[in-house]
There are 2 protein chains.
Amino acid sequence: MGAEWELGAEAGGSLLLCAALLAAGCALGLRLGRGQGAADRGALIWLCYDALVHFALEGPFVYLSLVGNVANSDGLIASLWKEYGKADARWVYFDPTIVSVEILTVALDGSLALFLIYAIVKEKYYRHFLQITLCVCELYGCWMTFLPEWLTRSPNLNTSNWLYCWLYLFFFNGVWVLIPGLLLWQSWLELKKMHQKETSSVKKFQ
Amino acid sequence: MGAEWELGAEAGGSLLLCAALLAAGCALGLRLGRGQGAADRGALIWLCYDALVHFALEGPFVYLSLVGNVANSDGLIASLWKEYGKADARWVYFDPTIVSVEILTVALDGSLALFLIYAIVKEKYYRHFLQITLCVCELYGCWMTFLPEWLTRSPNLNTSNWLYCWLYLFFFNGVWVLIPGLLLWQSWLELKKMHQKETSSVKKFQ
């Protein structure tokens, strides 16, 4: 296989860590989702993974960025962000827009994901309020992560090889567009059902 | 009255323009809101004003920022943004984070406000889906407008006098935190009511 297809040690370690979080998210989601429908089981798997990534990976990123910067930090998670930083340098040197998005992602999105897991399992009335709020935040966060960079002709993005371009930038951010979009669609349909039930039960009693 | 309390011509003109948009929003909202409850009439007034500001003021801001910059532009709206730029310089010289927020504010929030007006007047099932989405976007936009600046110790903000500090920065941004917050609360309560009706009607047929 050509050199460009080889994974370095840092890349391998980082991807392994992501895979481990995905496995943990799946296990947790499946366990919490027993007795739920397929769509909600899928939502629970995603939300468990989502919360794990926000707290276990992005939390330390915010901490490292506020006390210094990732470039001068050591450790497993710092090395993961240094690896990702090869595709987008803003994640290695303090970028106020990225750090602002990440503070909200960790504090708000992470908490919303946990509350939403609870709301799905316990079938709470506020489930779709939280689901819409979380998904809009995730999508807005993706917009703010890339638009400022694109408006200045992407000086910090490195799309020179498939790993950085398609796996790091496209896949790992695209997932956080696709799945929140699907969950928004689920909420839209659910609100429609609730509204139709409400109007039909009102008609019965007129 | 001391010099610091005097309004310059630009400030006067800008505030007059804002007042005119508010008057237009009120007139439109009251007209569309005939027959609606007080809360929804209030929501309609806000949404009309919101849409007017997004399209009539922020739309030209985005255009001027993308074709050049506000500092080198002329006209009524350019002078309004130059006046506001005295409190926050990022609005006069191209700041990618501000322009990114404003592109989404004009295109998405402006459109959502119009659809939401329609959904309220026609009592559509997707009313609260749109309301939650719009309000979360407005709040996220406020966060991204100020957090990156605060993280870098606000080099662009001028809070040296009451006009810039309390009217331009605090009031004109605070309104876009307070009212979306109230509308989110309204949606929360509405979803709760819908859920309770749904569960009670299910119990009746068991």
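The model shown is predicted, which means the values in this text are computed figures rather than measured ones. Lettering follows sequence order; numbering is per chain, from 1.
In this structure, no portion of B/Phe146 lies under 4.5 Å from any heavy atom of chain A. With a 4.5 angstrom heavy-atom cutoff, A/Glu149 does not touch chain B via any of its atoms. In this structure, the portions of B/Thr97 lying under 4.5 Å from any heavy atom of chain A include both its backbone and its side chain.
With a 6.0 Å radius and a threshold of 12 heavy atoms from other residues, nucleotides or ligands, A/Phe115 has its CZ atom at or below the threshold. Surrounding CZ of A/Phe172 are more than 12 heavy atoms belonging to other residues, nucleotides or ligands, all under 6.0 Å away.
Between atom CZ of residue A/Phe129 and atom CZ of residue B/Phe129 there is a gap of 13.0 Å, rounded to the nearest 0.5 Å. Here the straight-line distance linking atom CG of A/Leu151 with atom CZ of B/Phe94 works out to 4.5 Å at 0.5 Å rounding.
Looking only at heavy-atom pairs under 4.5 Å with chain A, the residue among B/Ile98, B/Leu104, B/Thr133 that has the most is B/Leu104. Ranked by non-hydrogen atom pairs under 4.5 Å with chain A, the options B/Ile132, B/Leu139, B/Leu66 are led by B/Ile132. With chain B as the partner, the residue from A/Glu123, A/Met144, A/His128 showing the most heavy-atom pairs under 4.5 Å is A/Met144.
Counting heavy atoms from C-beta outward, A/Val136 and B/Tyr140 have side chains that stay 4.5 Å or more apart. A/Val99 has its side chain out of reach of B/Leu147: every pair of non-hydrogen atoms, C-beta onward, lies at least 4.5 Å apart.
Of all residues spanning residues 188-195 of chain B, those with a heavy atom less than 4.5 Å away from chain A's heavy atoms are B/Trp188, B/Leu191, B/Lys192, B/Met194, B/His195, arranged by number.
No donor-acceptor pair closer than 3.5 Å links the side chain of B/Trp143 to the backbone N or O of A/Val101.
Nearest heavy atoms, A/Pro148 versus B/Pro96: O-CB, 3.6 Å.
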